[in-house]
A.B. asks: 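Structure below; questions to follow.
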There are 2 protein chains.
Amino acid sequence: MPTKTYHIGVEATMEIIGGKWKSIILCHLRHQTMRTGELSRAIPQISQKMLTQQLRELETANIVSRHVFHQVPPKVEYALTDYGESLSGILHELCVWGEDNIDRRQADGEKITLLSRDDI
Amino acid sequence: MPTKTYHIGVEATMEIIGGKWKSIILCHLRHQTMRTGELSRAIPQISQKMLTQQLRELETANIVSRHVFHQVPPKVEYALTDYGESLSGILHELCVWGEDNIDRRQADGEKITLLSRDDI
DNA sequence: GTAGATGGTTACTTTTTGGTAAGTAGGGCA
DNA sequence: TGCCCTACTTACCAAAAAGTAACCATCTAC
């Protein structure tokens with residue numbers, strides 16, 4: 001198979017946490033283990049399909065673990081793996097920087113709202 | 001105009017540094033002011049079009065400054081703004097985490113190469 | 001007068017990503 | 001019997017992001 005080539009480290013990172021949803025999902029999992037339904041309530045804009053798709057990709061990258069409880073109705077819990085935890089600091093900074101960015105833009109007169117801040 | 005709504009800070013951050021190219025460009029500008037041609041040599045995979053497009057967007061977000069020297073042939077220099085510098089720590093961590101990720105995957109037997117590490 | 005250097009734009013196409021809506025499973029429960 | 005719950009999948013379609021290739025402007029130097 002062909003060798004995959006990266007030119008700079010950040011490429012690999014963005015391949016894992018990039019895209020519209022992954023960093024958001026990870027920011028939520030940073031604080032707690034969550035069930036599928038909890039995640040979709042926490043991220044109301046995301047569709048079922050995108051949620052599971054992104055979770056699978058994060059699982060494949062060994063960032064998120066999936067724990068299935070064999071019950072009916074089904075129960076599945078997602079959490080950061082130990083390796084995923086190594087992203088925690090970065091995720092926190094990404095949240096905080098974004099909050100500050102929104103503050104600036106608001107102060108600049110832009111019509112923007114931020115619904116919740118990263119409390120921890 | 002409709003109010004733009006974010007649910008969590010990281011959304012705003014990723015809107016600015018997300019996508020295939022922005023974080024790479026920023027990682028290069030983190031170390032030095034660069035001319036257009038230098039950037040495209042530093043990021044050989046990027047096309048002219050994408051390079052200028054991404055730089056314009058970063059300029060609009062006030063992350064990058066553009067300094068035109070009125071010469072022939074033209075000379076244009078790009079640099080992080082003071083505000084852009086506030087991303088420097090995050091960008092560095094994204095690079096370092098990615099380097100480590102690549103190391104792990106290599107150790108895991110995946111065929112991957114990283115051409116250069118974030119030296120600073 | 002023609003080619004080269006630099007930075008940039010445009011029209012067009014392809015690829016990737018995301019969204020919608022419907023369907024599956026299987027036990028609980030009225 | 002039939003509907004609910006939860007997690008998940010699938011087929012299909014729309015939109016956004018990125019790639020390609022050709023083109024412009026301007027002065028310098030041959």
Side-chain angles (χ1 to χ4, degrees), chain A residues 2 4-8 10-12 14-26 28-29 33-61 64-79, chain B residues 2 4-8 10-26 28-29 32-61 64-79:
Chain A
K4 173 138 203 175
T5 300
Y6 294 97
H7 295 254
I8 189 172
V10 71
E11 275 181 273
M14 294 306 280
E15 217 170 82
I16 289 174
I17 68 166
K20 189 168 175 180
W21 301 114
K22 297 217 182 73
S23 58
I24 299 177
I25 291 171
L26 292 174
H28 284 285
L29 290 179
T33 289
M34 292 175 85
R35 295 185 59 176
T36 313
E38 290 181 295
L39 274 168
S40 63
R41 275 185 297 278
I43 313 172
Q45 332 95 273
I46 202 174
S47 66
Q48 225 341 328
K49 173 193 157 190
M50 279 296 120
L51 181 58
T52 42
Q53 185 180 106
Q54 304 302 304
L55 284 167
R56 292 291 173 281
E57 292 177 18
L58 291 169
E59 217 191 327
T60 299
V64 158
S65 68
R66 178 169 185 260
H67 181 8
V68 180
F69 294 81
H70 295 285
Q71 305 176 352
V72 170
K75 172 177 174 178
V76 179
E77 280 187 351
Y78 294 94
Chain B
K4 174 136 200 175
T5 300
Y6 294 97
H7 296 253
I8 190 172
V10 71
E11 275 181 273
T13 308
M14 295 306 281
E15 216 170 83
I16 289 175
I17 69 166
K20 188 168 177 181
W21 300 114
K22 297 217 181 76
S23 58
I24 299 177
I25 292 171
L26 292 174
H28 285 285
L29 291 179
Q32 56 194 294
T33 289
M34 293 175 86
R35 295 183 58 174
T36 312
E38 290 181 296
L39 275 168
S40 64
R41 275 187 295 278
I43 313 173
Q45 333 94 274
I46 202 174
S47 66
Q48 234 326 343
K49 174 196 156 190
M50 278 296 120
L51 181 58
T52 42
Q53 185 180 107
Q54 303 302 304
L55 284 167
R56 293 290 173 281
E57 291 176 19
L58 290 169
E59 217 192 327
T60 299
V64 158
S65 67
R66 179 168 185 261
H67 181 10
V68 180
F69 295 81
H70 293 284
Q71 306 176 353
V72 170
K75 172 176 174 178
V76 180
E77 280 187 351
Y78 293 95

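Sequence lines set the chain letters: A, B, ... in the order given, protein chains first and strands last, and positions in each chain run from 1.
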A.B. asks: Taking the minimum atom-to-atom distance to the side chain of B:Q54, which one of D:dA18, C:dT6, D:dC8 wins?
C.D. replies: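 Output: D:dA18.
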A.B. asks: Specify the closest pair of heavy atoms between A:K22 and A:L58, including all atoms of both residues, with the distance to one decimal.
C.D. replies: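 The pair with the smallest heavy-atom distance is CD-CD2, 3.6 Å.
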A.B. asks: In whole angstrom, what separates A:E77's CD from D:dC8's P?
C.D. replies: 12 Å
A.B. asks: Take the protein atom CD of A:E15 and the nucleotide atom P of C:dT16, then report the distance between them rounded to whole Å.
C.D. replies: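 Value for this atom pair: 12 Å.
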A.B. asks: Please state whether the phosphate of D:dT6, meaning OP1 or OP2, lies under 4.0 angstrom from any side-chain nitrogen or oxygen of A:R35.
C.D. replies: no
A.B. asks: In whole Å, what is the span from the CG atom of B:L51 to the P atom of C:dT10?
C.D. replies: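 So the CG-P distance, B:L51 to C:dT10, works out to 16 Å.
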A.B. asks: Over how many whole Å does the gap from A:L39 atom CG to D:dA7 atom C1' extend?
C.D. replies: 12 Å
A.B. asks: Tell me the closest heavy-atom pair linking B:P74 and B:R35, and the distance in Å.
C.D. replies: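 The answer is O-NH2, 3.3 Å.
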A.B. asks: Are a donor atom and an acceptor atom from the side chains of A:E38 and A:Y78 found within less than 3.5 Å of each other?
C.D. replies: no
A.B. asks: Within this structure, what is the CD-to-P distance between B:Q53 and D:dA17, rounded to whole angstrom?
C.D. replies: 9 Å
A.B. asks: Using atom CZ of B:R56 as one end and atom P of C:dG7 as the other, report the distance to the nearest whole Å.
C.D. replies: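 Atom CZ in B:R56 sits about 12 Å away from atom P in C:dG7.
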A.B. asks: Atom CD of A:E57 to atom C1' of D:dC8: distance rounded to whole Å?
C.D. replies: 15 Å
A.B. asks: Less than 4.0 Å between a side-chain N and a carboxylate O, is that true for A:E15 and A:K4?
C.D. replies: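 Salt bridge between A:K4 and A:E15, a charged N being under 4.0 Å from a carboxylate O: yes.
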A.B. asks: Tell me the interatomic distance from B:K75, atom NZ, to D:dT26, atom C1', rounded to whole angstroms.
C.D. replies: 17 Å
A.B. asks: Give the B/S/- string for nucleotides 19-30 of chain C, one per nucleotide from 5' to 3', where a protein heavy atom under 4.0 Å of the base yields B, of only the sugar-phosphate yields S, and otherwise -.
C.D. replies: BB-----BB---
A.B. asks: Quick one: label A:F69 by what it contacts on the DNA or RNA (base, sugar-phosphate, nothing), any heavy atom closer than 4.0 Å.
C.D. replies: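 Counting heavy atoms under 4.0 Å across all strands, no contact is made by A:F69.
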A.B. asks: Main chain of A:I8, side chain of A:E11: is a donor-acceptor contact present, judged purely on distance under 3.5 Å?
C.D. replies: yes
A.B. asks: Under 4.0 Å from OP1 or OP2 of C:dG7: is there any side-chain N or O of B:R41 that close?
C.D. replies: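 So the side-chain polar atoms of B:R41 never come under 4.0 Å of the phosphate oxygens OP1 or OP2 of C:dG7.
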A.B. asks: Look at the side chain of A:T52 and the backbone N and O of A:Q48, then say whether any donor-acceptor pair between them is shorter than 3.5 Å.
C.D. replies: yes
A.B. asks: Can you tell me how far apart NZ (B:K20) and CE (A:M14) are? Round to the nearest 0.5 Å.
C.D. replies: 13.0 Å
